[in-house]
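Note sheet for the following structure.
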2 protein chains.
Amino acid sequence: MDEYYTLRGYKIKNEEILSSSMEDYIEMIYRISINSDEVRVNDLSEALNVQPPSTTKMIKRLSNGGYVYYEKYGLIKLTDKGNDIGDYLLKRHKTIYEFLKIIGIENDLLEQTEKLEHAINENTLNRIKGLTDFLNNCSEYGKYIT
Amino acid sequence: MDEYYTLRGYKIKNEEILSSSMEDYIEMIYRISINSDEVRVNDLSEALNVQPPSTTKMIKRLSNGGYVYYEKYGLIKLTDKGNDIGDYLLKRHKTIYEFLKIIGIENDLLEQTEKLEHAINENTLNRIKGLTDFLNNCSEYGKYIT
DNA sequence: TAAGAATGTTAGCTATGGCTAAAATTATCA
DNA sequence: TGATAATTTTAGCCATAGCTAACATTCTTA
């Protein structure tokens with residue numbers, strides 16, 4: 001029998017550890033970390049278009065979960081665990097971005113990527129990666145898309 | 001400049017009228033309505049794996065928004081507006097389901113559909129529909145996927 | 001038709017994840 | 001070095017969307 005749930009229902013059902021927001025923060029910390037090893041509350045707030053108190057709160061959660069090191073007024077640094085996740089999240093982001101791009105999304109490319117990425121599990125991600133590769137090398141598709 | 005937001009940020013930014021949950025409820029009312037014209041709080045609760053008080057609360061919101069007709073202890077009925085949306089949501093669901101199926105998702109097909117559908121806007125949906133059609137008629141893909 | 005079962009509602013709790021205003025800390029620079 | 005500016009935190013608010021427990025209504029059936 002088909003088993004439907006609300007979106008929230010799926011999250012609870014799967015004991016999903018990371019919420020979409022947590023993912024957004026970790027991915028962004030990881031992104032910023034690439035170019036500088038100083039990640040601050042303010043940087044993150046600006047990058048995510050969020051007010052600093054929201055960031056403070058989230059950093060506490062991430063710190064409790066063992067995703068970041070953080071001490072009051074200090075620098076934010078991903079733990080090994082956090083770093084692995086960040087790496088995965090950024091790759092996921094890029095995979096979806098490339099996929100959406102090749103199927104012709106232009107205007108809302110980033111927004112659609114940001115929304116979709118949280119919904120896609122590892123298996124689906126791999127399928128999408130494979131599909132993107134296929135499309136990139138498919139002459140019929142080349143004709144179809146132009 | 002790239003403008004990132006948290007997922008919640010995008011929702012607020014776009015003044016998105018329908019939350020994911022609201023969409024889930026409307027889609028399910030629409031679904032149930034196809035086979036019977038008696039949609040009750042309990043049916044909906046069971047179908048969505050949610051407790052009846054949650055449904056009562058949501059039905060009130062949907063009623064206030066003009067998506068359903070409802071009177072205490074009565075039947076739930078979509079308004080014309082609700083019906084149009086339900087129709088769109090069900091089509092969106094099916095489109096994504098077919099897409100995920102053709103790219104080889106099996107185990108989490110329904111769950112991934114349910115998660116993805118809320119993230120996809122009309123333009124992306126059309127692209128995905130087009131892509132699915134293409135894949136269905138693409139001999140190279142037939143070879144690739146087997 | 002009256003009792004019990006089924007269904008639905010209300011009240012009030014939870015967590016997430018935003019926000020503002022105000023307080024605290026840290027950094028800068030004259 | 002001490003005043004001011006910038007950054008960060010705390011406190012407390014909001015809405016969404018679940019939940020349980022208790023109450024109300026409606027339905028069924030003996």
Side-chain angles (χ1 to χ4, degrees), chain A residues 4-29 32 36 38-65 67-77 114-115 118, chain B residues 4-29 32 36 38-65 67-77 114-115 118:
Chain A
Y4 289 86
Y5 292 85
T6 58
L7 232 210
R8 181 177 285 241
Y10 276 121
K11 292 192 176 154
I12 293 160
K13 174 173 164 277
N14 289 347
E15 295 163 32
E16 205 168 78
I17 303 156
L18 291 171
S19 66
S20 296
S21 275
M22 290 167 87
E23 289 186 345
D24 285 326
Y25 280 87
I26 293 177
E27 187 182 320
M28 189 53 80
I29 297 167
I32 299 175
S36 100
E38 296 233 341
V39 185
R40 317 224 56 134
V41 167
N42 246 19
D43 305 334
L44 206 43
S45 308
E46 275 174 31
L48 288 170
N49 285 283
V50 142
Q51 295 304 308
S54 307
T55 301
T56 299
K57 207 193 264 184
M58 181 57 87
I59 292 302
K60 273 185 197 162
R61 289 192 61 202
L62 294 178
S63 175
N64 288 338
Y67 302 103
V68 300
Y69 299 116
Y70 188 64
E71 277 171 50
K72 263 194 195 179
Y73 299 101
L75 299 173
I76 300 160
K77 210 171 168 341
E114 288 275 304
K115 284 188 175 181
H118 301 294
Chain B
Y4 288 86
Y5 292 86
T6 58
L7 232 209
R8 181 176 287 242
Y10 276 120
K11 292 192 177 155
I12 293 159
K13 176 173 162 277
N14 290 347
E15 297 162 30
E16 204 169 78
I17 304 155
L18 290 172
S19 66
S20 296
S21 274
M22 289 167 88
E23 289 187 346
D24 285 326
Y25 281 87
I26 292 176
E27 186 182 320
M28 188 53 80
I29 297 167
I32 299 175
S36 100
E38 297 233 340
V39 184
R40 318 226 55 139
V41 166
N42 246 20
D43 304 334
L44 207 41
S45 309
E46 274 174 31
L48 288 170
N49 285 283
V50 141
Q51 295 303 309
S54 306
T55 301
T56 298
K57 206 193 265 182
M58 180 57 87
I59 291 302
K60 273 185 198 162
R61 290 192 61 203
L62 294 179
S63 176
N64 288 338
Y67 303 103
V68 300
Y69 300 116
Y70 188 64
E71 277 171 50
K72 264 195 194 176
Y73 299 102
L75 300 174
I76 301 160
K77 212 168 168 343
E114 288 275 303
K115 284 188 175 179
H118 301 293

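Chain identifiers are assigned alphabetically (A, B, ...) following the order of the sequence lines, protein sequences preceding nucleic acid strands; residue numbering begins at 1 within each chain. Computed from a predicted structure; not experimentally measured.
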How many angstroms lie between atom CD1 of A:Ile17 and atom CD of A:Glu23, to the nearest 0.5 angstrom?
10.5 Å
If you round to the nearest 0.5 Å, how far is CD1 of B:Ile29 from CG of B:Asp24?
11.0 Å
For [N], take OP1 and OP2 only and decide whether either is under 4.0 Å from a side-chain N or O of [X].
X: A:Arg40; N: D:dT7; value: no
X: B:Thr56; N: C:dT10; value: no
X: B:Tyr25; N: D:dT16; value: no
X: A:Asn42; N: D:dA6; value: no
X: B:Ser21; N: D:dG18; value: yes

Starting at atom [atom1] of [X], determine the distance to atom [atom2] of [N], rounded to an integer number of angstrom.
X: B:Leu44; N: C:dT9; atom1: CG; atom2: C1'; value: 15 Å
X: A:Ile76; N: D:dT7; atom1: CD1; atom2: C1'; value: 12 Å
X: B:Met58; N: C:dT9; atom1: CE; atom2: P; value: 15 Å
X: A:Lys60; N: C:dT16; atom1: NZ; atom2: C1'; value: 15 Å
X: B:Ile17; N: D:dT16; atom1: CD1; atom2: P; value: 14 Å
X: A:Leu18; N: C:dT16; atom1: CG; atom2: C1'; value: 14 Å
X: A:His118; N: C:dT16; atom1: NE2; atom2: P; value: 17 Å
X: B:Glu23; N: D:dT16; atom1: CD; atom2: P; value: 15 Å

Any protein N or O atoms within reach of nucleotides 19-24 of chain D? Criterion: under 3.5 Å, listing atom names and distances.
unit_1 : atom_1 : unit_2  : atom_2 : d
D:dC19 : OP2    : B:Gln51 : N      : 2.9
D:dC19 : OP2    : B:Ser54 : OG     : 2.8

Please test A:Glu114 against A:Glu27 for side-chain contact (heavy atoms from CB on, under 4.5 Å), starting from the C-alpha separation and ending with a verdict.
CA-CA 11 Å; A:Glu114 288 275 304; A:Glu27 187 182 320; 4.2 Å; yes
Taking only residues two or more places apart in sequence or in another chain, which ones pass side chain to side chain contact (heavy atoms under 4.5 Å, CB included) with B:Tyr73?
none
Can you list the steps and then say if B:Tyr70 with B:Leu62 is a side-chain contact (heavy atoms from CB on, under 4.5 Å)?
CA-CA 9 Å; B:Tyr70 188 64; B:Leu62 294 179; over 6 Å; no
Between the main-chain N or O of B:Ile76 and the side-chain N or O of B:Arg40, is there a donor-acceptor pair closer than 3.5 Å?
no
What donor-acceptor contacts under 3.5 angstrom involve side-chain atoms of residues 50-58 of chain B, with partners at least two apart or in another chain?
unit_1  : atom_1 : unit_2  : atom_2 : d
B:Thr55 : OG1    : B:Ser45 : OG     : 2.9
B:Thr56 : OG1    : B:Pro52 : O      : 3.3

Earlier contact from the 5' end, DNA chain D, for A:Glu71 and B:Met22:
A:Glu71
